[in-house]
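Report on the structure given below.
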Amino acid sequence: MASELQQLRFDPPQSNASDESSARDDRPLLNPDSGAVADQDSDDIHLKYAPFSRRDAYGTMGRGELPWMEKVLLGMALITIVPIRVVFGMSLLFLYYMICRICTLLYDPNRETDEQEDYAHMVGWRRSVIVWSGRFVSRAMLFVLGFYWISEVNRIPPNENKSTNENEGQENSQESERPGVIISNHVSYLDILYHMSSSFPSFVAKRSVAKLPLVGIISKCLGCVYVQRESKTTESKGVSGVVSERIREAVKNSSAPMMMLFPEGTTTNGEYLLPFKTGAFLSKAPVLPLILRYPYQRFSLAWESMAGGRHFLLLLCQFVNHLEVIRLPVYVPSQEEKDDPKLYASNIRRFMAKEGNMLLSDIGLPEKRVYLAALNGNNNIRSVLHQKDD
């Protein structure tokens, strides 16, 4: 895989190698020939990019041929539960929007930079109403979407059950082991709803989210840190600084909102863990790892290679959906891990993979772009590698 990634990288043309580089980047992603060779190419690409491939009854990109019984169930759902879920879901969204509007009325938002403003640092009854109503509405929204019950398992290390020196130094121990950030594997947009219902943390989001109708004010009440993903400028350092400061603040102040980060940087099918980015570990603070799973029989809720509209419609058509959560103990970094964020991220990743029975993969978002481009018929590597961040 490493050699393949080297081939996929597009380097600026040099003096006498420009023609060779151009020819290399214009090569097709898949063999354009038909027949058995094309079928073999399709099998190979799904195997190479296994963390992003679908294995449910709906097939690749949700466009597989369905049995007649599945079509009957979809038809029944479209005329029964889908309209009900849409009405109730929009009602809940509008209700929480109005709660946020009322609670933030005549209140100046907290501004950390010119582009970062939020209402997550307000105190008193306003903050309490926003948090507890937000958690309730998020869980109600999951219920409307078919998550009637959620299985949660707490993995507690054996030494936490021992009663040794319970009173001596208890407050100092709790403060030193208080997490400032929650990290989780990223499977679907539904992950956000669960985390909102569970702990109501702050997320990292595109700056355009702050301007969306209804959702914009909600994201500010969550305390989202906004980033302009379409540009690669020195601003990213400022965002990392804001995130690190938020994490340190949550460690010192139990009333401050925790950060919620997906260190993989993109979604997978839930069977793999991609390499972790180091942003969640730069603050050297303890982290709280969580693992999310979406068991299924017919339709996988993982949003890795399917168009958002199609995925959400098929989600609405499922009569019952399932979610399993594994809560791991707070991970307190060693001094060596504090000095090396990459080591810290790597150790957490291996720990989560072991506890969640997941496979480690060495590919990430660039390879996902290549895979999606091939599925969508974009057969040219040059155009794929020059796409903007999703």
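These numbers come from a predicted model, not from an experiment.
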Aromatic rings [X] and [Y]: how do their planes relate, parallel, tilted or perpendicular, breaks at 30° and 60°?
X: F203; Y: F262; result: parallel
X: F299; Y: Y58; result: perpendicular
X: F281; Y: F276; result: parallel

If every non-hydrogen atom of [X] is compared with every non-hydrogen atom of [Y], which pair is closest and at what distance?
X: M358; Y: N185; value: SD-ND2, 4.2 Å
X: P286; Y: Y344; value: CA-OH, 3.8 Å
X: L222; Y: P201; value: CD2-O, 3.3 Å
X: L290; Y: M352; value: O-CE, 3.4 Å
X: L78; Y: P83; value: O-CD, 3.4 Å
X: R178; Y: N253; value: NH1-N, 4.1 Å

Would you say [X] has more than 12 foreign heavy atoms packed within less than 6.0 Å of its [atom1]?
X: N154; atom1: CG; answer: yes
X: F88; atom1: CZ; answer: no
X: W68; atom1: CH2; answer: no
X: F136; atom1: CZ; answer: no

Verify same cluster id: [X], [Y] (apolar side-chain graph, 4.5 Å):
X: F94; Y: L316; value: yes
X: M90; Y: I192; value: yes
X: Y107; Y: I99; value: yes
X: M260; Y: V215; value: no
X: I217; Y: L212; value: no

Are [X] and [Y] close enough that a side-chain donor and a side-chain acceptor fall under 3.5 Å?
X: S244; Y: R248; result: no
X: T104; Y: K220; result: no
X: Y294; Y: N269; result: no

Heavy-atom distance under 4.5 Å between the side chains of [X] and [Y], does that happen here?
X: T60; Y: M306; result: no
X: K368; Y: L274; result: no
X: L261; Y: V243; result: yes
X: C221; Y: R126; result: no
X: H121; Y: E249; result: yes
X: E304; Y: P51; result: no
X: H186; Y: T266; result: no
X: F147; Y: L190; result: yes

Which distance, rounded to the nearest 0.5 Å, do you find between the [atom1] of [X] and the [atom2] of [Y]?
X: L106; Y: D108; atom1: CG; atom2: CG; answer: 9.0 Å
X: S53; Y: I45; atom1: OG; atom2: CD1; answer: 10.5 Å
X: L375; Y: R63; atom1: CG; atom2: CZ; answer: 9.0 Å
X: R85; Y: L145; atom1: CZ; atom2: CG; answer: 6.5 Å
X: L323; Y: I150; atom1: CG; atom2: CD1; answer: 5.0 Å
X: L273; Y: L360; atom1: CG; atom2: CG; answer: 6.5 Å

When you measure from the side chain of [X] to the backbone N and O of [Y], does any donor-acceptor pair fall under 3.5 Å?
X: D191; Y: S188; value: yes
X: Y96; Y: I130; value: yes
X: R135; Y: S197; value: yes
X: R246; Y: G223; value: yes

Next item on the list: Please lay out, stage by stage, how T267 and V187 fare under the test side chain to side chain contact (heavy atoms under 4.5 Å, CB included).
Entry: CA-CA 5 Å; T267 55; V187 184; 5.9 Å; no
Next item on the list: Report the C-alpha distance between L372 and S305 in whole Å, list the side-chain angles of each, state the deciding distance to 0.1 Å, and finish with yes or no for side chain to side chain contact (heavy atoms under 4.5 Å, CB included).
Entry: CA-CA 6 Å; L372 296 180; S305 59; 3.6 Å; yes
Next item on the list: Compute the centroid of each ring, for Y189 and then for H311, and state whether the two points are separated by less than 6.0 Å.
Entry: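 When the ring centroids of Y189 and H311 are compared, they turn out to be within the sub-6.0 Å range.
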Item checked: Aromatic ring proximity, centroids under 6.0 angstrom, H195 and F200 -> no
Margin query: Working note: H46 + F52, criterion ring pair (Phe, Tyr, Trp, His ring centres under 6.0 Å); need CA distance, chi angles, decisive distance, verdict.
Written below: CA-CA 8 Å; H46 291 311; F52 313 119; over 10 Å; no
Check: Tell me, which pairs form a side-chain hydrogen bond (donor to acceptor under 3.5 Å, both in side chains) where one or both residues lie in residues 278-293, sequence neighbours left out?
Finding: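 Qualifying pairs, neighbours excluded: none.
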Checklist line | Pairs meeting criterion side-chain hydrogen bond (donor to acceptor under 3.5 Å, both in side chains) with involvement of residues 317-332, two or more places apart | finding: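 Counting only pairs at least two positions apart or across chains, the side-chain hydrogen bond (donor to acceptor under 3.5 Å, both in side chains) contacts touching residues 317-332 are Y194-R327, S198-R327, R298-Q318, Y331-E337.
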Note to self: Determine whether L95 and M98 satisfy the following criterion, side chain to side chain contact (heavy atoms under 4.5 Å, CB included), listing intermediate values before the conclusion.
What the structure shows: CA-CA 5 Å; L95 170 64; M98 291 303 300; 5.6 Å; no
Next item on the list: Please identify each residue that fulfils salt bridge (charged side-chain N to carboxylate O under 4.0 Å, His left out) with R139, with sequence neighbours left out.
Entry: none
Notebook entry, point to check: Does a salt bridge link D340 with K342, judged by any charged N lying under 4.0 Å from a carboxylate O?
Noted result: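 Looking at D340 and K342, the cut-off is not met.
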Notebook entry, point to check: Is it true that R55 and E271 have a side-chain N and a carboxylate O under 4.0 angstrom from each other?
Noted result: yes
Check: Can V325 and V153 be said to form a side chain to side chain contact (heavy atoms under 4.5 Å, CB included), step by step?
Finding: CA-CA 6 Å; V325 182; V153 177; over 6 Å; no
